There are 2 protein chains.
Amino acid sequence: MDIKTLCLGLLCKGEASGYDLKKQFESTFKHFYPAGYGSIYPSLADLAAKGLVNCREMAQEKKPDRKVYSITDAGRQAFKEALQEADPEHKLRSEYLVAMYFADFLEPQRLEQMLSGWHETLGNGVTRLDSIEKGFGNDAPAGTRFVLGFGKAIAHAMAQYIEENRDMLTGTEGSRPGERSRETGSTASANNIETRL
Amino acid sequence: MDIKTLCLGLLCKGEASGYDLKKQFESTFKHFYPAGYGSIYPSLADLAAKGLVNCREMAQEKKPDRKVYSITDAGRQAFKEALQEADPEHKLRSEYLVAMYFADFLEPQRLEQMLSGWHETLGNGVTRLDSIEKGFGNDAPAGTRFVLGFGKAIAHAMAQYIEENRDMLTGTEGSRPGERSRETGSTASANNIETRL
DNA sequence: TGCAGCATGTAATTTGTTACATGATTAA
DNA sequence: TTAATCATGTAACAAATTACATGCTGCA
């Protein structure tokens, strides 16, 4: 599955311009299938060339022209087939986890910073998804509710894992849940990795 | 960050061949940074060309020759810098979620199948990570423990979310927000997470 | 006899990202 | 006046996947 197919799927739900699709990618899809204009516009051109979508140009007053794409029967068919086929892939690629794996190559304060930054980012993600959900009111389709809820649940789980396990990496002395280390000094933190790097 | 950098990082922890590195990617890294031979071998060649690693060929009896790569000072330096820099990216791309978003385009039994398959896959993932963890005994470095634990925690959270919310998509009676099916002893619905982290 | 493991790589292709290129309107 | 929103695209580049290509050993 690629972004082209996803564009096709979105057009099954209603006609839209490339710009419109981008907004959908930014809101509902961002946390599990991001895409930019650089992928979307060529996709639409390609779909149109294959007869899977139709395009009609609309002039607008005081706004640039827009090209509105609508699905064709062949397109709807093609999407259904694409959706059916193949065992779905679920791929994660995380530089945060790479950094954590190599935590002993980072300076302690940089590590702390990363963990905090990650945690904060996750919190913002939950907030973001929350407001998207509210934006739908009560009319959000089941699929939308499912994926938004998923995003929130997982972001929350990640944040919680970080909270509960960060001291595994930061090497706080006798750190127990609830006891916070004072930083700033960073002297005593016995970090046992080769000093001359 | 790319696979080349990750190879460099792994070589910081000890010398290895491309084949060895692949095994590490298969075990510890698979759930957050997968890579195949097609990425690893060219990476090593490139790192060697740049003087970031050294290579020595070792003849073996009854086995193919192997090329063992070891990090150089420049390489260690380069890795540390790569690790420091940039706000880390954490990217998910899930065809499962795409399928769930478009659930109404799937035939009910195919949907059920996908949900079950996904759930099962997640369970296998946890089992896999568990056995990797056990393979380390007690000597697993903190970074390794952190990333393996992370993988398990998140896979578990996803499985739980699916359990608790699958009826949102499958249209089982009682899937309305007010009327959710209660599962024995199960925690609060992952759908209603506190925004504050 | 056949398959899994050991061990290396290349080349073509696919895919997506980034930077570039343009330009009007509207709200702060 | 500055920035954001609307709106479209292309071209160069980066990165990773897939298929191809080889061949021996040991086990069941």
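Scope of the values below: all heavy atoms of this structure, side chains included, with no hydrogens, waters or symmetry mates. Here is the naming used below: chain letters follow the sequence lines, and residue numbers restart at 1 for every chain. The shown structure was predicted, so the numbers you read here are calculated from the model rather than taken from an experiment.
- Scanning residues 13-25 of chain B for heavy-atom distances under 4.0 Å to DNA chain C yields S17(B), G18(B), Y19(B).
- Residues satisfying the side chain to side chain contact (heavy atoms under 4.5 Å, CB included) test with Q113(A), not counting sequence neighbours, are R110(A).
- With sequence neighbours left out, A45(B) forms a side chain to side chain contact (heavy atoms under 4.5 Å, CB included) with no residue at all.
- Taken residue by residue, residues 31-62 of chain B places heavy atoms nearer than 4.0 Å to DNA chain D at G38(B), S39(B), K62(B).
- Interface limits on DNA chain C: the 5'-most and 3'-most nucleotides within less than 4.0 Å of chain B heavy atoms are dG5(C) to dG16(C).
- For the side chain to side chain contact (heavy atoms under 4.5 Å, CB included) test, residues two or more places apart in sequence or in another chain that qualify with E81(A) are Q77(A).
- Pairs passing the ring-ring contact (aromatic ring centres under 6.0 Å, His included) check and including a residue from residues 135-154 of chain B, sequence neighbours excluded, read W118(A)-F150(B), Y161(A)-F146(B), Y161(A)-F150(B).
- Residues in residues 38-73 of chain A take part in these ring-ring contact (aromatic ring centres under 6.0 Å, His included) pairs, two or more places apart or across chains: Y37(A)-Y41(A).
- Screening residues 48-60 of chain A for side-chain hydrogen bond (donor to acceptor under 3.5 Å, both in side chains), with sequence neighbours left out, gives E15(A)-R56(A), D46(A)-K50(A).
- For F29(A), the ring pair (Phe, Tyr, Trp, His ring centres under 6.0 Å) test picks out F25(A), F32(A), Y101(B), with sequence neighbours left out.
- Bending across the helix from dT1(C)-dA28(D) to dA28(C)-dT1(D), expressed as the angle between its end axes from five pairs apiece, amounts to 50° (10° rounding).
- Partners of S39(B) according to the side chain to side chain contact (heavy atoms under 4.5 Å, CB included) rule, which considers only residues two or more places apart in sequence or in another chain, are I3(B).
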